[in-house]
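All heavy atoms count here, side chains included; hydrogens, waters and symmetry mates do not. The chains referred to below are lettered A, B, ... by the order of the sequence lines, with proteins before strands, and numbering in each begins at 1.
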Amino acid sequence: MSLALYNTLSRKKEPFTPLDAERVTMYVCGPTVYNRVHIGNARPAVVFDTLYRVLLSLYPNVQYARNITDIDDKIMRTAAELGEDISVLSQRYAQAYFEDMAALNNLEPTITPYATQHIPEMIDMIERLIAKGHSYVAEGNVLFAVQSMDDYGKLSGRALDDMLAGARVEVASYKKYAGDFVLWKPSADNEPGWDSPWGRGRPGWHLECSAMIEKHLGETIDIHGGGQDLIFPHHENEIAQSCCAHDGKPFANYWLHNGFINIEGEKMSKSLGNFRMVNELLEEYPGEVLRYVILSAHYRSEQQFSKELLDSAWRSLDGLYGFLRGHEPATAIINQDSAGYKALLDDLNTPMAISELYRLAKEMHAANGAGNVDLESKLKAELMGLAGLMGLLQQDSEQWFTLARGGDAISAEDIEELIEKRKQAKTDKDYAGADQVRKDLLDLGVVLEDSREGTTWRRS
RNA sequence: GGCGCGGUAGCAAAGUGGUAAUGCAGUGGACUGCAACUCCGCGAUCGUCGGUUCGAUUCCGACCCGCGCCUCCA
């Protein structure tokens, strides 16, 4: 039993073998911080966080880096509009990103490198690329010469000429070849910039990842992840920079890419105005609901996203937490032989693993009904172990049902008070009065559940 | 034009060469003073047409439909 991952490089599922089983390295492209992030940014974070958790269950040391791009033209434009320094803007949104990601139960990566803190490393890499004949200076720009690399395009599977044939963007005059991309570009006096051998300027987008990976993880890493749209040009160019700087040494052995999210059946895009920002969704839904939706589809698939799905996911989690409610706590244990764990090892089949969550929960519930305490706690431990690998069921079940669910909800105290009133009514055989309390609370989104032990309540 | 992906029940979504998991919704019943929870039961022949095969939703081909990327969008 071992981990298998679909590798974009080979377009096949492959057994995962790290270079060093004692130290596994993974890098995932993080956000450009000029705004709040949307749900599409959350997908890779959740997917690769899940992979990180799985890797942690297999290897003693997993180095997971996710960068913050804090220098970029969009950042510069937004900062200029707001009349503030780019560092102020980027720090604000980086912080917001961390908060959003934490709300989605994402663990903190091992390393969070910032582009602007690696300017010297980037300049150093450019100098090496120039020295090795892979880059040239033109009008203050430093460009990477893609033709200097034999297998440029191997990740995206395209030939150079094919790429250029349908290019939609005009070619800058200083490029020797249309496919060449910028490593360093000059900054105007009123633009942020850093001194370099080629004058004051700023790095091209792709360079930061190559430089930061080299510094923090090494010349060759095990896993590199990101959204599908990054395959070309971003990851292709990272490969070009790193491989050429390292004399052809492999850059990343496994390339993983998550699919896109569709909103109400269509692509999420600015022009359609249907962006879903994570923080806005979090005002209406617990982060775990968003996470559940993301993990309910396989990471490589295109994924549907809608209010109906969020509501459905919330009810689904209610079901799971409902099974947990009233069961004694148990320490999470990963059952390595379980179908759920194997599903995760099989290219992160989270939909399958989630279905196992339900099977375990039902079996646990049945064991409880049969009075088999040992089996019950064993199954609960396994359930929590599997859920933990996905970052799900991380809340206390009692709290899950009693926390306010948006809007101005009735307070827990008031609910308890009404339940007492109803109890008295029932004692007095005033069932009409008791039913009225039930109905009133239901109108406020509170469901009452009577049992031998008394009345419990939950928000729905 | 080039490269690539997908079409499975109302909504989502796995999966398999031997007649298709799971969740939500719906629905019938048990339980309940009523209800909720829970439990038992009910629904798809897998885009279309061919081919290979004893047998295909699963392999191959064509077609239809939807979609992504082609220089800075997760």
Where do A:D318 and A:S316 land on the side chain to side chain donor-acceptor pair (under 3.5 Å) test, with the steps shown first? CA-CA 5 Å; A:D318 279 349; A:S316 298; over 6 Å; no

So what does A:S451 hit on the nucleic acid, given a heavy-atom distance under 4.0 Å: a base, only sugar-phosphate, or nothing?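 Here A:S451 touches no strand at all.
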
For a quick check of understanding: with a heavy-atom distance under 4.0 Å over all strands, which category does A:K362 fall into, base, sugar-phosphate or nothing?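 Sugar-phosphate, backbone atoms only, no base.
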
Do we see A:Y358 stacking on the base of B:G23, given a limit of 5.5 Å between centres and 30° between planes?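 So A:Y358 does not count as stacking on the base.
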
Rounded to whole angstrom, note down the P distance from B:G68 over to B:G50.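 Taking atom P in both B:G68 and B:G50, they lie 32 Å apart.
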
Would you check if there is a donor-acceptor pair between the side chains of A:H235 and A:H206 at a distance under 3.5 Å?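 There is no such pair (donor and acceptor under 3.5 Å, judged by atom type) between the side chains of A:H206 and A:H235.
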
Does A:F144 reach the side chain of A:D180, with side-chain heavy atoms less than 4.5 Å apart?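 Of all side-chain heavy-atom pairs linking A:D180 with A:F144, none is under 4.5 Å.
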
Tell me which nucleotide among [options] gets nearest to the side chain of [X].
X: A:D435; options: B:A14, B:C34, B:A74; answer: B:C34
X: A:F260; options: B:A14, B:A74, B:C73; answer: B:A74
X: A:N258; options: B:A74, B:A14, B:U71; answer: B:A74
X: A:F323; options: B:G23, B:C39, B:A13; answer: B:C39
X: A:D450; options: B:U71, B:A25, B:A35; answer: B:A35
X: A:S316; options: B:A14, B:A36, B:C24; answer: B:C24
X: A:K74; options: B:A74, B:G33, B:C73; answer: B:C73
X: A:H298; options: B:U22, B:A14, B:G23; answer: B:A14
X: A:K426; options: B:U71, B:G33, B:A74; answer: B:G33
X: A:Y431; options: B:A14, B:G33, B:A74; answer: B:G33

Atom CD of A:E416 with >12 non-hydrogen neighbours under 6.0 angstrom: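 Result for CD/A:E416: enclosed.
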
So does A:N349 get a side-chain nitrogen or oxygen closer than 4.0 Å to the phosphate oxygens (OP1/OP2) of B:G15?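 So the side-chain polar atoms of A:N349 do come within 4.0 Å of the phosphate oxygens OP1 or OP2 of B:G15, strictly under.
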
base_contact_polar (B:G26 base, A:R315 side chain, donor-acceptor, <3.5 Å):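 Answer no: no donor N or O sits under 3.5 Å from an acceptor.
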
Given the structure, check if the side chain of A:R438 and the base of B:C34 hold any donor-acceptor pair shorter than 3.5 Å.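 Present.
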
